[in-house]
A.B. asks: 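Before I ask anything, here is the structure I am working with.
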Amino acid sequence: MKKTFIPFAVFCVISIALYIGLGLNPSKLPSVFIDEPMPELSLPVVGGEEIGFTKADIAAEEGVVLLNFFASWCAPCYVEHPFLMELEKRGYKIYGVAYKDKPHATNRFLEEQGNPFFKTAADNDGRTAIEWGVYGFPETFVIKDGVIRYKHAGPIMEMQFEDEFMPILESLSQ
């Protein structure tokens, strides 16, 4: 009796774990940085040595800022990019961080797809993405007054923006 119960119990535990795991939305993974000051950030411009932007630059911005980690080799980044262009047209200030990308590839990507970024910097060694807890690309942070208010993993699509970002943006604008 015990010998048949153990495989059944293991099957049940695995089934429950899979049911829970497959039901999670990977773009809604919590971040330890929510409502915390943003980590240090000082990145060079793409293909250059001068500083593109720093933590102080973003913290000094009035209103909400979006910080988007992207790469030209990232297929979901191509999917997201037209909507980033739309957000830029709507007046959102977006800072871009090119993750482990060759400068010519980043520049070609922005020339061909358009440049929605207020400023673009390069995370050449990927260290900044690690410090920010980025685990996939694209990934976007909502920042106000130097504090991270929301993190979204994966491409931002219009419906997600309206459902997930807008309530946060509206609460931050009050």
Side-chain angles (χ1 to χ4, degrees), residues 24-31 33-35 38-39 41 43-48 51-124 126 128-129 132-174:
L24 297 175
N25 183 346
S27 68
K28 292 186 178 180
L29 290 178
S31 171
F33 296 115
I34 302 299
D35 294 328
M38 54 191 261
L41 179 71
L43 297 170
V45 295
V46 174
I51 298 299
F53 59 81
T54 66
K55 173 182 176 178
D57 294 330
I58 295 174
E61 293 284 350
E62 288 188 29
V64 175
V65 173
L66 302 177
L67 179 68
N68 180 264
F69 286 80
F70 73 101
S72 67
W73 46 260
C74 158
C77 296
Y78 280 88
V79 172
E80 174 187 65
H81 205 78
F83 191 63
L84 292 180
M85 295 295 294
E86 175 64 27
L87 291 177
E88 192 268 337
K89 287 180 187 168
R90 292 183 191 177
Y92 289 99
K93 190 170 273 187
I94 308 169
Y95 283 76
V97 178
Y99 173 78
K100 288 189 173 183
D101 212 355
K102 303 242 185 272
H104 69 276
T106 299
N107 290 331
R108 186 177 60 232
F109 176 80
L110 295 175
E111 287 172 14
E112 290 175 358
Q113 305 298 315
N115 187 354
F117 303 118
F118 174 68
K119 290 185 177 180
T120 307
D123 183 13
N124 294 322
T128 298
W132 279 66
V134 175
Y135 58 86
F137 299 91
E139 205 161 295
T140 304
F141 293 84
V142 175
I143 301 166
K144 183 172 183 189
D145 299 328
V147 176
I148 296 173
R149 304 301 183 158
Y150 182 68
K151 173 184 175 181
H152 179 81
I156 303 171
M157 305 309 286
E158 185 165 5
M159 186 177 284
Q160 285 176 319
F161 188 79
E162 299 299 327
D163 292 345
E164 298 173 21
F165 283 74
M166 285 309 292
I168 294 164
L169 296 174
E170 288 171 357
S171 72
L172 292 174
S173 66
Q174 297 173 356

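Position 1 is the first residue of the sequence, and the numbers go up from there.
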A.B. asks: List the residues meeting salt bridge (charged side-chain N to carboxylate O under 4.0 Å, His left out) with D163, not counting sequence neighbours, and say none if there are none.
C.D. replies: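 Per chain and number, D163 pairs via salt bridge (charged side-chain N to carboxylate O under 4.0 Å, His left out) with no residue.
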A.B. asks: Test I143 against L66 for side chain to side chain contact (heavy atoms under 4.5 Å, CB included), laying out the working first.
C.D. replies: CA-CA 6 Å; I143 301 166; L66 302 177; over 6 Å; no
A.B. asks: To the nearest 0.5 Å, tell me how far E170 CD sits from F165 CZ.
C.D. replies: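 One finds 13.5 Å between CD of E170 and CZ of F165.
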A.B. asks: E88 and N115: side-chain donor and acceptor closer than 3.5 Å?
C.D. replies: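 Side chains of E88 and N115: no pair found under 3.5 Å.
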A.B. asks: Using 30° and 60° as the class limits, which term best fits the ring planes of F141 and F69: parallel, tilted or perpendicular?
C.D. replies: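 Perpendicular: the ring planes of F141 and F69 meet at over 60°.
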A.B. asks: Looking at CZ of F117 and CG of L67, how far apart are the two atoms once the value is rounded to the nearest 0.5 Å?
C.D. replies: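 So the gap between those two atoms works out to 9.0 Å.
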A.B. asks: Is the closest side-chain heavy-atom distance between E86 and E158 below 4.5 Å?
C.D. replies: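 When only atoms from C-beta onward are counted, E158 and E86 do not touch, as no gap falls below 4.5 Å.
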A.B. asks: With ring centroids as reference points, do H81 and F109 lie under 6.0 angstrom apart?
C.D. replies: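 Yes, close enough.
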A.B. asks: Short question: side chain of K151, backbone of V142 - any donor-acceptor pair under 3.5 Å?
C.D. replies: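 Checking the backbone N and O of V142 against the side chain of K151, no donor-acceptor pair under 3.5 Å is found.
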A.B. asks: Tell me, yes or no, whether the heavy-atom count around E62 atom CD, taken from other residues, nucleotides or ligands under 6.0 Å, exceeds 12.
C.D. replies: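 No.
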A.B. asks: Might you point out which heavy atoms bring P76 and P155 nearest each other, and give the distance in Å?
C.D. replies: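 Smallest interatomic distance, heavy atoms only, reads O-CB, 3.7 Å.
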A.B. asks: Could you go through L84 and I94, starting from their C-alpha distance and side-chain angles, then the distance that decides it, and tell me whether this counts as side chain to side chain contact (heavy atoms under 4.5 Å, CB included)?
C.D. replies: CA-CA 8 Å; L84 292 180; I94 308 169; 4.3 Å; yes
A.B. asks: State, yes or no, whether a side-chain contact exists between N68 and E139 at a heavy-atom distance under 4.5 Å.
C.D. replies: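 No, too far: nothing below the 4.5 Å cut-off.
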A.B. asks: Quick one: does D57's side chain have a donor or acceptor within less than 3.5 Å of a partner on T54's backbone?
C.D. replies: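 Checking the backbone N and O of T54 against the side chain of D57, a donor-acceptor pair under 3.5 Å is found.
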A.B. asks: Taking atom CD1 of I34 and atom CD1 of I168, what is their separation to the nearest 0.5 Å?
C.D. replies: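 These two atoms lie 8.0 Å from each other.
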A.B. asks: Take L41 and W132 through the test side chain to side chain contact (heavy atoms under 4.5 Å, CB included) and record every step on the way to the result.
C.D. replies: CA-CA 9 Å; L41 179 71; W132 279 66; 4.0 Å; yes
A.B. asks: With rounding to the nearest 0.5 angstrom, report the CD to CE distance, E80 to M157.
C.D. replies: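 Here the interatomic distance stands at 8.5 Å.
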A.B. asks: Taking R90 first and then E162, would you say they form a salt bridge - that is, a charged N and a carboxylate O separated by under 4.0 Å?
C.D. replies: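 Here R90 pairs with E162 in a salt bridge, since their nearest N and O are under 4.0 Å apart.
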A.B. asks: Could you pull out the closest heavy-atom pair between L110 and P116, with the gap in Å?
C.D. replies: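 Looking at all heavy atoms of both residues, the shortest contact is CD2-CD, 4.4 Å.
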A.B. asks: To check you understand the geometry: which heavy-atom pair defines the closest contact between D101 and A105, and what is its length?
C.D. replies: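 Residues D101 and A105, closest heavy atoms: OD1-CB, 3.6 Å.
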A.B. asks: Parallel, tilted or perpendicular: which describes the rings of F137 and Y99, with under 30° parallel and over 60° perpendicular?
C.D. replies: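 Because their plane-to-plane angle is under 30°, the rings of F137 and Y99 count as parallel.
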A.B. asks: Is the closest basic N to carboxylate O distance between D123 and K100 below 4.0 Å?
C.D. replies: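 A salt bridge is absent here (no side-chain N lies under 4.0 Å from a carboxylate O).
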A.B. asks: What do you reckon, is NZ of K55 surrounded by more than 12 foreign heavy atoms closer than 6.0 Å?
C.D. replies: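 Atom NZ in K55 is crowded, with more than 12 foreign heavy atoms closer than 6.0 Å.
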A.B. asks: Side-chain contact, heavy-atom cut-off 4.5 Å: F161 with L87?
C.D. replies: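 F161 reaches L87 side chain to side chain.
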A.B. asks: Given side chains that start at C-beta, do those of V65 and K144 come closer than 4.5 Å, heavy atoms only?
C.D. replies: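 They are not in contact (no side-chain heavy atoms under 4.5 Å apart), so the answer is no.
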A.B. asks: Using side-chain heavy atoms (C-beta onward) and a distance below 4.5 Å, is N124 in contact with P103?
C.D. replies: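 When only atoms from C-beta onward are counted, P103 and N124 do not touch, as no gap falls below 4.5 Å.
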A.B. asks: Can you check whether Y95 reaches K93 side chain to side chain, under 4.5 Å on heavy atoms?
C.D. replies: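 Yes. Closest side-chain heavy atoms under 4.5 Å.
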A.B. asks: Checking K119 against F53: charged group under 6.0 Å from the ring centre and within 45 degrees of the axis?
C.D. replies: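 Here K119 fails the 6.0 Å and 45° test against F53.
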A.B. asks: How long is the span from the CD1 atom in I156 to the OG1 atom in T140, to the nearest 0.5 Å?
C.D. replies: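 I156 CD1 to T140 OG1: 3.5 Å, rounded to 0.5 Å.
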A.B. asks: Give the minimum heavy-atom separation between A98 and V46, together with the two atoms involved.
C.D. replies: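 Shortest heavy-atom contact: CB-CG2, 4.4 Å.
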A.B. asks: To the nearest 0.5 Å, how far apart are CG in N107 and CD in E112?
C.D. replies: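 Rounded to the nearest 0.5 Å, the CG-CD separation comes to 11.0 Å.
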A.B. asks: Give a yes or no on whether the ring-centroid distance for Y150 and F33 is below 6.0 angstrom.
C.D. replies: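 Ring centroids of Y150 and F33 are no less than 6.0 Å from each other.
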